[in-house]
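The next block holds one structure in the form of structure tokens; read it before the comments.
Order of the sequence lines sets the chain letters (A, B, ...), proteins ahead of strands, with each chain counted from 1.
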Amino acid sequence: MAAAPPKSLGNIRRSFEPWSDPAAKPLIEVDRVTKSFAGFKAVDDLSLAIHPREFHALLGPSGCGKSTLLRMLAGFETPTAGDIRLDGRSLTGVPPHRRPVNMMFQSYALFPHMSVEKNIAFGLKQDGMARSEIADRVAEMLKLVKLGPFAKRKPQQLSGGQQQRVALARSLAKRPKVLLLDEPLGALDKKLREETQFELMDLQQELGLTFVVVTHDQEEAMVMADRISVMRDGRIQQVATPAVIYEAPATRYVADFIGNVNILDGTVESVADGRVRIATDAGAVEVEGANGVRSADPVAFAIRPEKMRISRTPPERADVNALRGEIWDIAYLGDVTLYNVKLATGNVLRSTVINAHRGIADPLTWDETVWLSFPSDAGIVLTA
Amino acid sequence: MTAVPDNSPGQRTRRRPSRLSRGFVVAVPYLWLLFFFLLPFLIVFKISFSQTAIAQPPYLPVIGLADLVSGGWTKLRQLTIDNYTWIAGDPLYVKAYLSSLRMAAISTALALLVGYPVAYGIARAPRSIRSLLVMLTILPFWTSFLIRVYAWIGILKNEGLLNQLLLWLGVIAQPLTILNTDVAIYIGIVYSYLPFMILPIYASLERMDHRLVEAANDLGCPPTRAFWAITFPLSLPGVLAGIFLVFIPAVGEFVIPDLLGGSSTLMIGKTLWDEFFSNRDWPVSSAVAVVLLMVLVIPIMIFQRLQARQEGAV
């Protein structure tokens with residue numbers, strides 16, 4: 001079982017969390033959907049509810065079924081079993097061109113024989129909108145994505161970032177109930193990607209739309225999404241806010257996939273006063289608030305590198321939550337420094353130290369013997 | 001040489017191809033065109049201004065290499081434009097040109113109507129059988145073109161396979177006369193040149209990103225409309241290539257009208273043949289050939305100029 005979040009997790013106070021309101025009606029309901037391709041289950045008995053105005057990220061490695069799920073929402077794939085509902089109405093049998101859902105393609109799929117303007121107007125024309133109204137809407141969309149001067153250009157005459165914005169404008173022009181984004185920033189370079197992440201968030205807030213984004217980039221999902229579904233092998237491992245996913249991962253897989261983590265295998269020694277004592281092969285650790293585990297259960301202890309203190313001197317209590325080892329590797333990244341510490345048992349644990357000051361008088365160096373220590377609320381117990 | 005080994009990377013290991021070898025690569029196609037297209041054309045062009053003669057070769061003047069060096073220039077005065085005025089003056093030639101263009105145009109349109117769906121079908125077929133289907137379309141080329149056209153006589157004649165089948169099915173009561181009509185020529189040309197229509201269209205459709213059609217559907221465009229809005233415009237380069245590849249040889253086609261067409265069929269290829277072999281009038285047949293080339297090349301050049309301008313302007 002997942003450790004129940006012990007206190008308010010994350011640094012963001014959220015006023016938007018319809019998923020914790022049992023009366024709230026979700027906009028998209030994925031109801032036990034399975035999709036098989038020639039016997040291979042790309043999506044396996046998956047259920048998910050996405051709420052109006054939510055920015056939802058489907059996160060996972062390639063081949064985890066996230067794109068297949070997105071394509072089923074758009075209507076390009078039909079579920080083998082199960083049902084998808086939008087606003088309470090089943091989408092089964094509704095072809096893509098009748099769904100109030102638009103998609104932004106990973107490759108952008110801009111029509112190469114049409115100008116930027118015509119690309120954006122394409123969807124509006126299909127609805128038989130009046131010519132003047134189309135012109136107004138196109139102008140509005142061009143302004144929204146700051147591409148006004150490029151209206152008459154062909155897509156291949158634009159940079160990658162500009163093409164991405166045309167694709168966004170085109171998929172938003174019809175004011176869809178849901179916008180599906182397939183790796184929307186995958187083709188952009190790092191700097192542009194970071195800027196665009198915030199632009200997308202602002203846009204989603206401004207327009208009040210529901211976004212479902214598929215990504216394999218955990219940082220991208222953490223930055224943008226209200227909630228993240230971590231997927232693996234066609235199933236969802238955990239659906240939660242970025243903070244919960246990071247601080248209270250439900251499974252070892254989620255803990256490992258999101259960010260860096262140190263994992264020590266062990267057995268539960270005792271459970272008392274909501275404190276669990278675990279005997280790991282590296283030493284004894286104590287964790288607060290791990291519900292549902294009993295003595296002698298095989299478990300794993302997980303702790304993030306930034307939650308471990310590294311010091312030359314032993315901590316006050318050296319018998320528990322303190323591990324001794326030797327500095328094996330040091331990586332200076334500017335904002336933080338990583339220390340890989342090798343314990344006597346052979347485990348290598350990572351500790352991250354924030355470089356809050358410019359220069360340290362006596363920095364730690366290779367082969368030094370150090371202590372890794374952490375409070376009992378820093379780590380969590382994983383059972384799966 | 002010094003004793004110190006030169007370890008600087010990539011200094012002598014990778015050499016750029018020499019000027020000579022690069023020049024050679026470029027020169028080969030140009031030389032080919034020069035010797036096998038331009039020179040023969042110039043010879044034909046020159047003969048078209050000659051006069052018929054009972055001689056070997058059957059025209060005058062004969063200008064040899066020797067004449068070019070030693071004052072043979074006087075012979076040039078013997079060249080005339082009589083052959084061209086003759087062609088322009090005889091309605092037979094004008095009619096033959098027009099009828100060839102008309103028949104080639106109809107055949108090309110039919111080939112497009114048949115070829116586009118086939119190309120589309122192959123391009124949308126599972127990847128594993130696509131190359132097999134492409135091979136099947138070019139399979140007829142493994143047999144002689146002449147034999148295949150002959151085979152159509154057996155199919156199309158009054159007591160032929162097609163009529164027997166239709167009579168047996170009860171579709172018709174009397175055998176249809178197809179052989180020796182223009183219809184037989186259309187069938188022959190469409191059959192013979194269909195692969196040249198299918199292959200370029202297939203190539204352009206296969207290259208197309210299917211996501212573009214999905215994007216159109218996603219934006220509310222039903223599949224049929226998406227075909228006309230996205231797929232067809234993007235396959236136009238292939239369609240144009242196919243039209244040229246079928247239309248140009250069809251205009252000058254000789255074998256098919258000769259074998260399948262009737263005596264009333266007037267096509268320029270046949271006229272050319274008669275002029276050359278029956279009348280042994282090399283100068284006039286050369287003039288016919290030069291005019292045919294102009295009739296085809298000039299519109300194509302204008303078209304390509306327009307297309308280039310369209311692509312340049314945005």
Item to complete: Would you please name every residue forming a salt bridge (Lys or Arg N to Asp or Glu O under 4.0 Å) with E140(A), sequence neighbours left out?
Response: R175(A)
Measuring only between side-chain heavy atoms, which start at C-beta, is [X] closer than 4.5 Å to [Y]?
X       : Y       : result
P223(B) : H97(A)  : yes
N217(B) : P95(A)  : no
Q126(A) : R225(B) : yes

With a 4.5 angstrom heavy-atom cut-off, is it the side chain or the backbone of [X] that approaches chain A, or both, or neither?
X       : result
A216(B) : both
D218(B) : both
L234(B) : side chain

Item to complete: Could you note down all residue pairs passing ring-ring contact (aromatic ring centres under 6.0 Å, His included) where residues 119-152 of chain A supplies at least one of them, sequence neighbours left out?
Response: F111(A)-F122(A)
Worksheet, complete the sentence: Filtered by a 4.5 Å non-hydrogen cutoff, the part of residues 188-204 of chain B contacting chain A is none
Worksheet entry | Test side-chain hydrogen bond (donor to acceptor under 3.5 Å, both in side chains) applied to R211(B) and Q106(A), step by step | CA-CA 10 Å; R211(B) 269 161 230 276; Q106(A) 183 177 10; over 6 Å; no
Worksheet item: Closest approach of K174(A) and G220(B), non-hydrogen atoms and distance?
Response: NZ-CA, 3.7 Å
Using atom types as modelled, flag every donor-acceptor pair under 3.5 Å from a side chain in residues 101-125 of chain B to any protein atom, sequence neighbours excluded.
{"unit_1": "S107(B)", "atom_1": "OG", "unit_2": "M103(B)", "atom_2": "O", "d": "2.7"}
{"unit_1": "T108(B)", "atom_1": "OG1", "unit_2": "A104(B)", "atom_2": "O", "d": "2.6"}
{"unit_1": "Y116(B)", "atom_1": "OH", "unit_2": "S235(B)", "atom_2": "OG", "d": "2.6"}

Worksheet, complete the sentence: Rounded to the nearest 0.5 Å, the CD1 atom of I230(B) sits from the NE2 atom of H113(A) at a distance of 4.5 Å
